[in-house]
Amino acid sequence: RAQITVLAAASLADVLPKIDSRPRYSFAGSDQLAAQIQQGAPADIFAAASPKYPDDLYARGLVEKPVTFATNRLVLIVPSSNPAGIHSVFDLRRGGIKLVVGTPTVPIGSYTRQILRNLGLTGVLSNVVSQETDVRSILAKVALGEADAGFVYVTDARTVGTKIVQIKLPAWAQPKVRYELAIVKGTKNRAAALAFVSRVLGKRGQALLRSAGFGSVDQSGQR
Amino acid sequence: MDTLRLDITLPLRSFDLELALEVEPGTLALVGPSGAGKSSVLRAVAGLARATTGRITCSDEVWLDSGTRSHLPPERRSVGLVFQDYALFPHLSVEDNVAFGGRRPRHDLLERFGLARLARARPATLSGGERQRVALARALARGPKVLLLDEPMSALDPHTRGETRAELHRLLAELALPTLLVTHDFEDATALAERVGVIVDGRLRQLAAPAELVAAPADTYVASFAGGNLLRGNARKGQAGVTEVELEGAGIILSADELEGPVSVLVYPWDVSLARPAANPSNIVSRASGNPDFVRDRPEDAALVRPEGASSNTMLQGSGDSTLNHLPLRVLSLLPVGNRVRVRLDLLTAEVTAVSAQRLGLREGELVVASFKATGTRLLPARG
Amino acid sequence: MDTLRLDITLPLRSFDLELALEVEPGTLALVGPSGAGKSSVLRAVAGLARATTGRITCSDEVWLDSGTRSHLPPERRSVGLVFQDYALFPHLSVEDNVAFGGRRPRHDLLERFGLARLARARPATLSGGERQRVALARALARGPKVLLLDEPMSALDPHTRGETRAELHRLLAELALPTLLVTHDFEDATALAERVGVIVDGRLRQLAAPAELVAAPADTYVASFAGGNLLRGNARKGQAGVTEVELEGAGIILSADELEGPVSVLVYPWDVSLARPAANPSNIVSRASGNPDFVRDRPEDAALVRPEGASSNTMLQGSGDSTLNHLPLRVLSLLPVGNRVRVRLDLLTAEVTAVSAQRLGLREGELVVASFKATGTRLLPARG
Amino acid sequence: MLFFLLLPLLAIFLRVPPGRLFGALGNGVVVDALVLSAKTTAIAQGLIVLAGTPAAYLLASPRFPARRLALTLVELPLVLPPAVAGIGLLAAFGRFGLLGSSLREFGIEIPFTTAAVVLAVVFVASPLYVRQAIAAFEAVDPNLVDAARTLGAGRARTFLRVALPLASGGLGAGAALSFARGLGEFGATIMFAGSLRGVTQTLPLAIYAEFEHDFDVALTISALLIAISAAILAATKLRPRWTRSGSTSPFPSGLST
Amino acid sequence: MLFFLLLPLLAIFLRVPPGRLFGALGNGVVVDALVLSAKTTAIAQGLIVLAGTPAAYLLASPRFPARRLALTLVELPLVLPPAVAGIGLLAAFGRFGLLGSSLREFGIEIPFTTAAVVLAVVFVASPLYVRQAIAAFEAVDPNLVDAARTLGAGRARTFLRVALPLASGGLGAGAALSFARGLGEFGATIMFAGSLRGVTQTLPLAIYAEFEHDFDVALTISALLIAISAAILAATKLRPRWTRSGSTSPFPSGLST
Ligand SMILES: Nc1ncnc2c1ncn2[C@@H]1O[C@H](COP(=O)(O)OP(=O)(O)OP(=O)(O)O)[C@@H](O)[C@H]1O
Ligand SMILES: Nc1ncnc2c1ncn2[C@@H]1O[C@H](COP(=O)(O)OP(=O)(O)OP(=O)(O)O)[C@@H](O)[C@H]1O
Ligand SMILES: [Mg+2]
Ligand SMILES: [Mg+2]
């Protein structure tokens with residue numbers, strides 16, 4: 001039975017192989033993956049960190065209808081040395097803070113703006129020193145202590161361990177961060193692809209996702 | 001016995017090379033100034049430069065024929081080309097350099113050129129003379145039908161030069177191949193070739209035996225190349241069939257040669273004898289006429305006669321072929337060369353034996369009288 | 001009037017250059033084989049190469065003193081260096097090249113060297129002779145105290161060479177600067193310098209006037225450099241104070257010089273006269289003794305006497321200084337040079353006038369008899 | 001070979017209707033990026049040439065100690081993944097970097113500033129220039145340098161009047177290469193300087209940011225970038241040279257990249 | 001200058017305890033990546049040298065038409081942001097790419113295969129080699145080539161027996177550069193080949209992936225990469241050369257990067 005290729009958001013790098021070790025995984029920024037699929041990369045599954053790309057590709061008729069398979073939450077992270085002495089998201093209002101966020105065009109970027117809007121803190125965007133194109137860069141800069149603070153997915157924050165401190169954000173302010181799966185149109189082994197999808201949506205899959213810090217979704221997975 | 005025939009036109013940077021030659025077994029030297037197109041001829045024959053029009057044949061083989069658009073690549077032409085700087089392969093040993101041409105068993109060749117000892121050496125470690133021998137051996141290894149030598153001597157220091165020239169001379173005689181020898185140096189040419197072609201600006205000025213070039217140079221360029229003095233002047237018929245040449249502000253010269261109008265008078269240094277106005281009891285040649293007595297470096301030339309209509313500062317004797325020209329000139333420099341001395345005067349250069357130079361006690365800045373036979377001169381139309 | 005004094009040790013790749021010289025105004029030529037260290041001397045004087053130990057002074061200026069660790073950089077030493085390939089700045093016009101050295105008004109210099117016409121030209125477009133003149137003008141523009149010339153002739157084609165040599169000769173005489181002239185060429189050296197130093201492997205073999213080098217070369221190297229023939233052999237006292245030299249399988253030679261053991265006999269080509277065994281009624285010199293008669297190219301040497309104890313294939317006449325050596329040798333090649341012919345024989349080279357070569361009707365492969373005075377020879381300890 | 005190298009570039013152009021190229025110039029992001037790129041690359045280029053030329057001159061002298069080591073080091077940045085280069089820069093000039101802390105005491109903070117972009121570009125692009133410059137200086141006939149010295153010119157004058165003009169051809173080519181490379185620099189910049197429109201977002205970063213937003217715009221900017229680079233590179237193939245060697249190379253000493 | 005180039009590399013090493021370097025070799029991901037990198041770079045290098053050498057030889061001949069244009073094109077990939085290069089490759093060989101469709105008819109799909117990594121490396125690294133090779137061939141005395149011809153060697157034999165050995169020094173240096181560059185290739189690879197562990201995840205990609213994971217491992221791999229590259233570059237500074245020019249350059253014809 002043929003091996004399928006899964007293009008998945010970098011933040012899924014740990015968990016997906018645990019759920020199903022058989023496929024070939026390629027982890028990168030969701031945007032890059034989308035670009036690759038647009039360029040006809042021979043993939044079978046697209047697992048993105050947001051609905052944006054799957055939906056976009058679906059609209060272009062490049063993938064089948066996407067399903068949500070997990071949710072995520074944002075956290076504010078600061079270097080463990082915490083040079084700017086930030087203890088709550090509201091400390092970001094102070095001037096002279098080096099804040100790193102994603103560009104509006106990447107999921108983490110837009111989500112960050114949502115949450116700030118919900119918190120009525122859009123003003124802090126004036127402290128932004130860099131708009132990164134992927135979560136990884138935000139993490140790296142905070143972990144290295146170059147940036148005073150940054151917004152990332154909780155699942156990513158876990159991976160950097162002791163270099164950073166997480167500052168929880170109020171649940172009520174959290175945007176709906178939905179991870180979507182889609183089967184790429186014209187895949188040669190649709191059966192395997194379907195099997196993969198059901199595995200991820202299955203009990204074990206969801207359990208593993210939860211333990212990785214993601215939020216699970218109800219069985220239907222449909223919107 | 002092969003014969004190389006070429007008749008080509010090859011456009012070069014500043015002029016076209018136009019040349020027709022027939023080279024039988026034996027050596028034909030191409031001399032000429034730098035940039036004349038000498039190397040280009042060899043490159044055309046070897047097929048490294050492609051003549052636009054013309055034919056090149058070696059006996060019955062056609063190497064180039066612009067008519068039929070046929071052009072044999074260099075590797076298919078059986079030529080042995082020795083480059084100006086030898087172009088030995090620096091990464092190969094002497095042995096391998098010679099072997100590169102392949103074909104005949106190379107060891108006898110190494111022996112033949114006294115290179116056996118150096119078989120394993122790299123070119124960089126060889127002396128100029130040795131390099132030249134390697135280049136020759138390499139060129140001959142293929143057993144070429146035609147030999148092309150581009151200034152084989154110029155890379156040698158004068159010390160080894162004489163030596164090598166003689167060796168090369170012997171070698172060429174043995175090989176008896178149609179050989180084109182390019183050189184800057186008239187001496188090399190006369191020493192090594194039966195015929196010498198003088199190329200200037202891509203055209204053949206004269207093609208003749210060395211002796212003939214000296215005896216009857218086609219033009220002033222050839223003459224100066226053959227080492228002659230050229231005195232510019234204006235020629236008119238004189239009496240007794242001699243031509244009188246009015247030199248530019250240096251008096252009159254008589255010549256047995258016949259030509260009129262603006263000319264260059266050709267005199268070879270070794271045909272000029274020197275004397276000085278000085279009274280030396282031991283060997284005065286006194287004369288009725290009132291002109292000064294000479295101590296001369298050539299006792300043989302005798303009777304002095306003052307001719308009519310000769311300018312005051314030029315003295316002539318006798319008439320017809322025994323006529324001698326005398327020019328009082330200043331000594332600019334003395335260059336001992338071997339057992340002779342080249343004496344540079346303000347109008348011409350003379351070459352006398354060290355002995356006579358000494359006897360005359362020549363010194364720079366002094367006035368001497370240069371004498372040469374009217375028959376020793378030759379008149380050439382002055383250039384441009 | 002300045003004087004350049006140097007006494008240095010400079011480690012080179014394969015040997016150390018060790019040299020002590022004193023150069024007064026006038027020209028000292030350094031001759032020697034390639035790689036002898038000639039250029040290195042100039043580089044050391046100019047400060048381009050740093051001698052490890054020694055002193056270099058120009059009059060009272062100290063340019064180098066390894067004792068006091070003082071080393072003046074090149075730009076602070078007032079030297080005019082003309083490089084072997086002239087090293088003109090390709091990106092500057094003739095004018096700017098000359099002006100580079102700065103200081104004195106350069107226009108008269110351009111005039112002086114006949115370069116005014118070429119002021120705006122780029123070096124690449126100049127002929128060899130013109131380049132040399134530019135290089136000289138540039139070197140002199142600074143008004144240096146010392147002049148260093150590295151083979152100023154070698155880049156010239158022989159055609160322009162004679163010319164330029166004479167000009168240079170005149171120039172040097174005028175300048176009257178302490179001048180070091182490096183050359184490969186013994187002729188250049190004799191023509192241009194009052195003293196000639198022969199360097200081999202970084203050491204000075206001999207320092208003397210040109211004539212002296214020819215007359216009394218310090219060793220075989222110098223001798224061959226001066227253009228002499230060297231015949232290896234074994235010397236022992238003969239009778240009447242003459243030395244007998246047993247040549248390696250070529251008979252015996254008598255020399256007026258005194259030395260014993262393995263020697264090289266030095267004979268200069270122009271001291272060798274040629275003759276051939278042939279009966280020619282016009283000028284036989286018949287003799288009682290049964291040895292062959294000669295048609296010789298030098299009528300002057302007369303009476304033949306067969307000496308005792310002379311090997312059969314060598315013939316000697318008279319004794320003491322009038323003694324003549326005769327060697328029957330085979331003609332290998334004839335090289336006409338100007339109005340003389342260099343005759344290469346299987347043991348030595350002779351130089352005779354074209355006239356006598358013709359009179360003798362010399363041809364390759366023939367047997368001739370080479371004669372030279374015992375007094376014309378010189379014995380040198382054989383090398384190695 | 002050539003075809004293979006050419007194909008991808010061609011492919012990009014085929015995807016971009018020429019009209020777009022100019023349309024892109026209307027897009028604010030693109031313009032900001034273009035301006036910033038021009039500015040930073042120009043400054044960086046200045047630094048590279050000013051610092052690199054003398055450095056190359058020294059390295060070119062055979063007497064330079066540990067020459068080969070130095071040459072290796074010069075080349076090293078070329079072969080680093082840009083991201084790694086970026087990390088290196090952070091580790092060196094970052095807040096907790098080797099120099100960072102001491103720089104801070106002078107109130108200097110480099111990361112996230114335009115200065116950081118310049119540094120990144122210099123770091124990544126200068127080797128191209130320096131290596132070429134070294135080769136160019138090495139191709140200068142040492143006799144000419146010696147000649148200048150004996151004509152009374154000190155080291156400085158010799159460098160300016162002889163070495164520099166003779167090497168100019170190679171230097172120009174090298175400058176063009178490093179300029180083009182600097183224009184295209186991405187990885188190190190985003191790592192070290194971040195990406196902030198108008199401050200640190202250069203053309204390549206803009207391309208990146210545009211991917212998801214509008215893939216075609218990304219392609220367009222790419223095409224723009226390629227065109228510019230090509231123009232710069234081509235330009236330098238046409239300058240006069242004074243190298244003794246009759247090399248037919250567009251680079252006097254047969255330089256390379 | 002040198003110091004500035006050196007500093008960031010130094011900084012990385014200072015952050016990595018040497019013990020770690022070897023520790024990293026225990027890490028499965030690192031090993032896989034190392035093996036893959038070695039494999040792909042080696043293959044790519046093979047292709048580059050095999051295809052690039054003759055190409056360079058042709059380009060080096062002054063008679064080559066549109067020489068300057070060709071040289072520019074050769075240099076172009078050097079100055080592209082790798083990501084753009086990746087897009088270009090996709091646009092060329094991707095499913096909807098120029099050749100992609102026709103390739104598919106032969107059942108060939110390149111993206112996301114090890115082949116894709118090789119292609120990406122070749123595209124990004126070959127210019128370094130080709131440019132150097134061109135310069136190396138240009139430095140070969142044309143007289144020697146002519147001599148070979150007149151000695152009966154055809155073009156092929158002349159190339160193999162004369163041009164090649166004489167250029168070997170420069171070729172070696174060029175190969176080393178492109179090899180090191182290939183080893184560090186990131187942007188184009190992740191775009192065109194993705195990052196499949198064991199299939200397309202090379203060292204640099206592993207570094208990238210490890211950011212997510214364990215920052216120190218990332219640094220460690222970087223250090224590893226730098227060390228390898230440095231070693232390769234240094235190695236080539238020590239080979240014999242037969243260039244006529246007494247160039248003191250480690251590259252016979254005073255080549256550059
Ligand atoms: N490949 C070429 N194409 C066009 N012109 C050339 C070429 N090679 C040489 N030339 C020009 O042809 C002319 C003659 O060159 P050539 O080398 O044949 O002269 P030469 O007589 O050998 O000079 P030299 O004695 O200095 O070697 C020169 O002006 C040179 O610039
Ligand atoms: N910079 C240097 N360091 C060490 N050795 C050198 C240097 N330059 C030249 N040499 C060596 O010193 C020796 C003499 O070189 P030099 O150039 O002085 O000889 P030369 O007499 O000028 O030879 P030529 O007549 O060929 O010019 C040569 O063996 C050369 O290899
Ligand atoms: Mg020539
Ligand atoms: Mg020398």
Exercise for the section: Select one option (side chain, backbone, both, neither) describing which atoms of E:Leu9 are under 4.5 Å from chain D's heavy atoms. Expected result: side chain
Exercise for the section: For each of D:Leu89, D:Leu76, D:Leu203, tally heavy-atom pairs with chain E at distances under 4.5 Å, and name the one with the top tally. Expected result: D:Leu76
Exercise for the section: Locate the shortest heavy-atom distance separating D:Ala11 from E:Ala92; write the atom from each residue and the value. Expected result: CB-N, 3.9 Å
Handout entry: Contact winner vs chain E - D:Phe93, D:Phe179, D:Phe186, heavy-atom pairs under 4.5 Å
Key = D:Phe93
Exercise for the section: Measure E:Leu225 against the heavy atoms of chain D and call it side chain, backbone, both or neither at under 4.5 Å. Expected result: side chain
Handout entry: Among the listed options D:Leu98, D:Leu183, D:Val74, the residue most often paired with chain E at heavy-atom distances under 4.5 Å
Key = D:Leu98
Practice task
Pick one of side chain, backbone, both or neither for E:Leu99, based on which atoms fall under 4.5 Å of a heavy atom in chain D.
Solution key: side chain
Problem - CD on D:Glu75 to CG on E:Leu5, rounded to 0.5 Å - result: 11.5 Å
Fill in the blank from the handout: Ranking D:Pro142, D:Ala230, D:Pro77 by heavy-atom pairs under 4.5 Å to chain E gives rank one to D:Ala230
Handout entry: Validation row: E:Ser222, D:Ile87 side chains within 4.5 angstrom (heavy atoms)
Key = no
Practice task
Working to the nearest 0.5 Å, report the span between CD1 of E:Ile232 and OG1 of D:Thr72.
Solution key: 12.0 Å
